[in-house]
Amino acid sequence: MKPATVAVTAGRPPHEVDQPLSEPITMASTYVAGGEREYGRYANPTWAAFEEALGALEGGRALAFSSGMAAVTTVLDLVGHDGLVVAPAHSYTGTLLQLGDLESRGRVRTRLVDITDTEAVVAACEDAALVWFESPTNPALEVADIPRIAAAAHEAGAYVVVDNTFATPLLQQPLDLGADIVVHSVTKFLAGHSDVLMGAVVTNDDQLHGVLKGRRDLLGSTPGTLEAWLALRGLRTLHLRVERSQANAQELVRRLSTHPAIGEVRYPGFGGIVSVVLAQGAMAADLLVHKTSIWVHATSLGGVESTFERRRRWKAEPATIPDGLVRLSVGVEDVDDLWDDLRDALSSLVG
Ligand SMILES: Cc1ncc(COP(=O)(O)O)c(C=O)c1O
């Protein structure tokens with residue numbers, strides 16, 4: 001089946017008389033003993049339906065987590081004491097903060113790399129225990145050569161992990177490119193409506209799946225049932241939202257690239273996230289985000305509504321991200337309305 005059909009059909013109850021078409025929200029902290037579920041921290045039918053659908057889209061077995069960071073943290077915990085983690089210098093700030101915290105406590109060592117410099121990353125993998133990819137990176141939008149680096153990482157015996165939040169399984173399937181584990185902030189495109197915090201991991205290695213599920217059970221980093229239900233509902237239209245948001249993004253990239261207020265447009269060629277660097281720097285960027293009526297000044301991304309923010313307003317954002325960089329999360333509105341709103345705000349900056 002094609003991804004659009006999988007997004008709509010996977011994780012449904014059986015087509016039997018009187019079955020609901022959608023998995024209901026099962027509110028349960030415990031189950032009648034003797035079956036496979038037993039307790040609400042170990043299993044829930046609503047999570048299971050979400051996991052089935054996401055697993056089918058990524059080509060593996062999924063596990064739902066309470067947030068993207070819960071998934072990130074659980075996966076990083078696979079690294080043994082003092083093991084080396086290789087990761088992009090421009091990873092999501094939460095991931096960088098988590099790595100920094102683990103390193104400062106002597107738990108792991110980290111080596112931050114320019115993920116676009118394939119040969120340097122391959123060399124950096126030599127003694128790695130885990131190689132972390134974010135591709136495209138947030139918010140620099142750099143793209144990694146996943147198959148080439150994954151092969152080098154495996155030669156070193158390292159786990160290969162890809163944070164696939166930006167691309168979604170519709171535009172990139174990391175397990176097919178050599179990854180052992182895919183990580184998602186479900187909060188973003190997968191759920192897609194800026195109303196859910198959730199995360200997920202996906203793997204096609206049964207042993208790894210068992211280890212990660214065991215960790216989730218003990219950490220208790222499980223999602224709320226309503227969240228899993230909302231995320232699954234969001235997933236049903238993932239293909240439509242990604243298609244529209246990508247088409248809008250591509251058109252906006254074309255129009256933005258000739259606007260005099262814009263110094264640089266960064267776009268990897270796919271997906272719904274665009275980063276622009278304001279020609280007049282950080283102050284212009286801060287003005288811009290308060291001058292629009294459709295675009296909302298907000299962090300996070302991947303919702304149906306268009307949002308933007310200057311990323312360096314966050315202290316943890318690496319200093320190598322330009323001060324005047326604004327990350328645009330392009331929604332599914334009409335592209336002309338999005339452009340008019342943005343163009344008017346940009347034009348007011350250059351007079
Ligand atoms: C690429 C990426 N990975 C992970 C996360 C963390 O996800 P969450 O906010 O759901 O914990 C984010 C959040 O912005 C992200 O952008």
Side-chain angles (χ1 to χ4, degrees), residues 47 50 54 58 62-77 85 87-102 112 115 130 132-144 146 161-169 171-172 174 179 181-202 216 219-224 226-228 230-231 234-235 242 245 266 268 270-275 296-303 307-318 321 325-330:
W47 309 342
F50 170 82
L54 178 60
E58 287 282 10
L63 286 165
F65 282 80
S66 51
S67 68
M69 281 312 297
V72 168
T73 305
T74 304
V75 170
L76 288 177
D77 203 33
V85 179
H90 290 157
S91 301
Y92 165 60
T93 49
T95 305
L96 290 176
L97 287 169
Q98 182 65 273
L99 283 170
D101 180 57
L102 291 170
L112 299 181
I115 204 71
L130 188 148
W132 187 273
F133 289 86
E134 210 178 273
S135 186
T137 53
N138 177 8
L141 300 177
E142 297 141 332
V143 174
I146 297 175
V161 183
V162 177
D163 183 330
N164 205 27
T165 299
F166 272 37
T168 83
L171 303 177
Q172 174 169 276
I181 299 171
V182 175
V183 169
H184 276 286
S185 170
V186 176
T187 312
K188 309 296 192 299
F189 286 100
L190 297 184
H193 294 74
S194 307
D195 51 12
V196 168
L197 262 179
M198 218 175 104
V201 303
V202 191
R216 183 186 70 173
L219 278 167
S221 49
T222 48
L226 176 61
E227 278 77 359
L230 281 168
L235 205 66
V242 165
S245 139
R266 294 191 183 187
F270 61 95
I273 309 296
V274 179
S275 288
V296 188
H297 183 211
T299 198
S300 200
L301 53 101
T307 59
F308 60 172
E309 69 168 338
R310 184 172 75 84
R311 280 302 294 177
R312 285 283 300 281
R313 76 189 179 94
W314 297 96
K315 289 208 166 35
E317 193 68 46
I321 298 296
L325 181 144
V326 174
R327 186 189 64 199
L328 313 178
S329 173
V330 183

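Numbering of ligands and ligand atoms starts at 1, following listing order. Scope of the values below: all heavy atoms of this structure, side chains included, with no hydrogens, waters or symmetry mates. Bear in mind that the values here come from a model prediction, so they are computed numbers and not experimental data.
For ligand 1, the polar-atom distance check finds no N/O of V72 at less than 3.5 Å from any of the ligand's N/O atoms. Ligand 1 has a nitrogen or oxygen under 3.5 angstrom from a nitrogen or oxygen of G68. Note: an N/O pair closer than 3.5 Å links K188 and ligand 1 by distance alone.
At a cut-off of 3.5 Å, with distance as the only test, a side-chain donor of E142 or H90 sits close to an acceptor on the other residue.
The structure places OG of S67 at 10.5 Å from CE of M198, a figure rounded to the nearest 0.5 Å.
In terms of modelled atom types and a separation under 3.5 Å, the side chain of E134 and the main chain of Y92 share a donor-acceptor contact. Side-chain atoms of T95 never come within 3.5 Å of backbone atoms of S91 as a donor-acceptor pair (strictly under, hydrogens ignored).
Among L301, I321, I273, T165, the single residue meeting the side-chain contact (heavy atoms from CB on, under 4.5 Å) criterion with N138 is L301.
In this structure, the protein non-hydrogen atom closest to atom 15 (C) of ligand 1 is Y92 CG, 3.6 Å. Summary of contacts: the protein heavy atom closest to atom 7 (O) of ligand 1 is S185 OG, 3.0 Å. Closest protein heavy atom to atom 11 (O) of ligand 1: M69 N, 2.8 Å. What sits closest to atom 10 (O) of ligand 1 on the protein, heavy atoms only, is T187 OG1, 2.6 Å.
Contacts of M198 with ligand 1, taken as heavy-atom pairs under 4.0 Å, involve the backbone alone.
Across every non-hydrogen atom of L171 and A167, the tightest pair is CB-O, 3.2 Å.
Interface atoms of ligand 1 facing D163, defined by a heavy-atom separation under 4.0 Å, are 1 (C), 2 (C), 3 (N), 4 (C). Residue contact check: N138 has heavy atoms under 4.0 Å from atoms 16 (O) of ligand 1.
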Step-by-step salt bridge (charged side-chain N to carboxylate O under 4.0 Å, His left out) determination, R311 to E317: CA-CA 7 Å; R311 280 302 294 177; E317 193 68 46; 3.0 Å; yes
